[in-house]
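The first residue in the sequence is number 1, and the count goes up from there.
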Amino acid sequence: YWVHTLLGKFINTRSTLEEVIIQKINIMRPMLYLPLLILISITFGNCKKEDPKPNLNLNGPYLGQTPPGNIPKVFAPGIISIPNHTEFSLSFSHDGNEVYFYRYGTNMPAKIYYSKSVDETWSELKELSISKGYEGYEPHVTMDNKTLYFFWKKSTKEGIYSSTRNTNGEWDTPFYFGSNMMYFTSSSSGVLYTTELTTTRPYLAKVKFQNGSFAGFERLNIKAPANSYTAHAAIAPDESYPLFDIAGGEHMMITFKQEDGSWGDPIDLTTKGFPKAAGGPYISPDGKYLFYYFNGDIYWVSTNFINELR
């Protein structure tokens, strides 16, 4: 949750002129041009971002947004990514019919928002009712669609809280799950991963359970670069890789599981065209898209590039 205090808010959206430039670029291998496109985005970053608008007539998967190819773009501009606010930590339900994230601004404390698709039509974004009253961060819906985890700054006891889905499909009253952890991600088989905070140096770790309750951590033996630490993991649905960042919500990397079960040397994604300030990765439940934070907004891009890195 503390990562949002480390992140600056820079308004950076694609202008009409940028769109024209991008359309004119003859892209044979899109990922090779990613640094150029990022430079274009920065150049025109002072252009006005879309004003917030209610999600009316948003139909289809991913809030009716046109899926990206190999070129990252802002996700749901004017709906989820809005001016003068920072959005972070997006999570979809496994069936793709619910989306959660948190947002904060200069004069607005962190709040968790959600939208739900019914008959392929998305509802207007609302603050999550079970987290109202206190600042909420980093929501994550498990792959079985039964549990929602989030960090809650409840005055009586702050930490990770958990809510289970009741028979009506709604979230029950949250209960305290544990502390010294943040930013959950889970695999298709239900294995839960987090960032362990038991020491001054964060680590990526599996969450251990005993009789359904939190029972500790199992650290991942991933070689972080010198003077950095691993945090904010996004585990692949099949657990074959995690993406993570190494600079407090920035500088993304990826490592692949080896045949012996160990983790390979991390690959620096800034060498593959991603900006250094990008972080907080999340992989969609279907494994098709990578979502991440950059300059106050949530971006998304096809995961095709990951297969090329294996």
Side-chain angles (χ1 to χ4, degrees), residues 1-13 49-55 63 74-93 98-116 122-141 147-163 170-185 194-195 197 202 231-232 234 245 247-250 277-282 291-299:
Y1 74 97
W2 47 265
V3 68
H4 86 285
T5 64
L6 302 176
L7 302 174
K9 174 64 177 177
F10 299 96
I11 305 306
N12 180 11
T13 57
K49 188 188 289 188
E50 288 189 57
D51 291 328
K53 54 192 175 188
N55 356 350
L63 282 82
V74 176
F75 178 65
I79 301 167
I80 285 184
S81 299
I82 65 173
N84 304 316
H85 293 78
T86 292
E87 292 81 32
F88 195 85
S89 187
L90 180 141
S91 179
F92 279 94
S93 59
E98 297 173 12
V99 63
Y100 300 82
F101 67 98
Y102 82 89
R103 171 188 289 157
Y104 66 92
T106 302
N107 298 311
M108 189 190 86
K111 298 178 181 180
I112 297 175
Y113 288 86
Y114 83 101
S115 179
K116 185 174 183 178
W122 289 88
S123 65
E124 185 174 351
L125 281 175
K126 294 182 179 179
E127 184 181 359
L128 184 65
S129 60
I130 62 170
S131 64
K132 284 184 176 180
Y134 305 99
E135 292 184 62
Y137 305 80
E138 300 173 351
H140 175 71
V141 185
T147 309
L148 173 66
Y149 293 96
F150 59 96
F151 187 92
W152 206 18
K153 294 192 73 172
K154 195 173 183 180
S155 58
T156 53
K157 195 172 189 178
E158 69 175 44
I160 296 294
Y161 279 74
S162 174
S163 175
E170 303 297 327
W171 297 114
D172 279 334
T173 302
F175 62 88
Y176 181 77
F177 180 77
S179 61
N180 296 322
M181 63 186 106
M182 67 173 187
Y183 206 88
F184 282 14
T185 179
T194 189
T195 302
L197 301 172
H232 305 113
D245 57 53
E250 298 182 351
Y282 168 76
F291 294 81
Y292 62 91
Y293 163 91
F294 177 58
N295 279 358
D297 294 322
I298 293 175
Y299 280 68

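Nearest heavy atoms, S81 versus F75: OG-O, 3.3 Å. Of all non-hydrogen atoms in G279 and Y292, the two that sit nearest each other are O-CB, 3.5 Å. Among all heavy-atom pairs drawn from S162 and F177, the shortest one is CB-CB, 4.2 Å. Contact detail for V141 and S91: the closest heavy-atom pair is N-OG, 3.1 Å. For the residue pair S89 and E138, the shortest heavy atom distance occurs at OG-CA, 3.1 Å. Shortest non-hydrogen contact noted between V74 and P77 is O-CD, 3.7 Å.
When side chains are defined from C-beta on, L197 counts as touching M182, because their heavy atoms get closer than 4.5 Å. In this structure, S179 and Y176 have side chains that are in contact, with non-hydrogen atoms separated by less than 4.5 Å. Side-chain contact between L63 and V99 is present, with at least one heavy-atom pair separated by less than 4.5 Å. No side-chain heavy atom of Y100 sits under 4.5 Å from any side-chain heavy atom of S115. A heavy-atom distance below 4.5 Å is found between the side chains of F101 and I80. No side-chain heavy atom of S163 sits less than 4.5 Å from a side-chain heavy atom of T147. In this structure, the side chains of L128 and L148 come closer than 4.5 Å at one or more pairs of heavy atoms. Proximity of I130 to T173: side-chain heavy atoms (C-beta onward) are nowhere separated by under 4.5 Å.
Classified by interplanar angle (parallel below 30°, tilted 30° to 60°, perpendicular above 60°), the ring pair F92/F291 is tilted. In this pair, F151 and Y137 present their aromatic rings perpendicular. The plane angle is above 60°, beyond the 30 to 60° band.
Ring to ring, F88 and Y104 are not that close: their centroids are 6.0 angstrom or more apart. Here the two rings, on H140 and Y149, have centers that are 6.0 Å apart or farther. Taking the six-membered ring for Trp and the full ring otherwise, Y113 and Y102 have centroids separated by 6.0 Å or more.
In this view, K154 and Y134, W152, T156, Y161 satisfy the side chain to side chain contact (heavy atoms under 4.5 Å, CB included) rule, not counting sequence neighbours. Under the rule for a side chain to side chain contact (heavy atoms under 4.5 Å, CB included), the partners of T185 that lie at least two apart in sequence or sit in another chain are Y193, A233, I235.
Rounding to the nearest 0.5 angstrom, the gap separating the NZ atom in K153 from the CD atom in E158 is 5.5 Å. Taking CE of M108 as the reference point, atom OG1 of T86 lies at 9.0 Å (rounded to 0.5 Å). Considering CD of E135 and OG of S155, their distance stands at 12.0 Å, rounded to 0.5 Å.
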Between E250 and D245, does the side chain to side chain contact (heavy atoms under 4.5 Å, CB included) criterion hold? Intermediate values first, please. CA-CA 6 Å; E250 298 182 351; D245 57 53; 5.7 Å; no
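Of the charged side-chain nitrogens involved, at least one lies within less than 4.0 Å of a carboxylate oxygen, so that E87 and R103 count as a salt-bridged pair.
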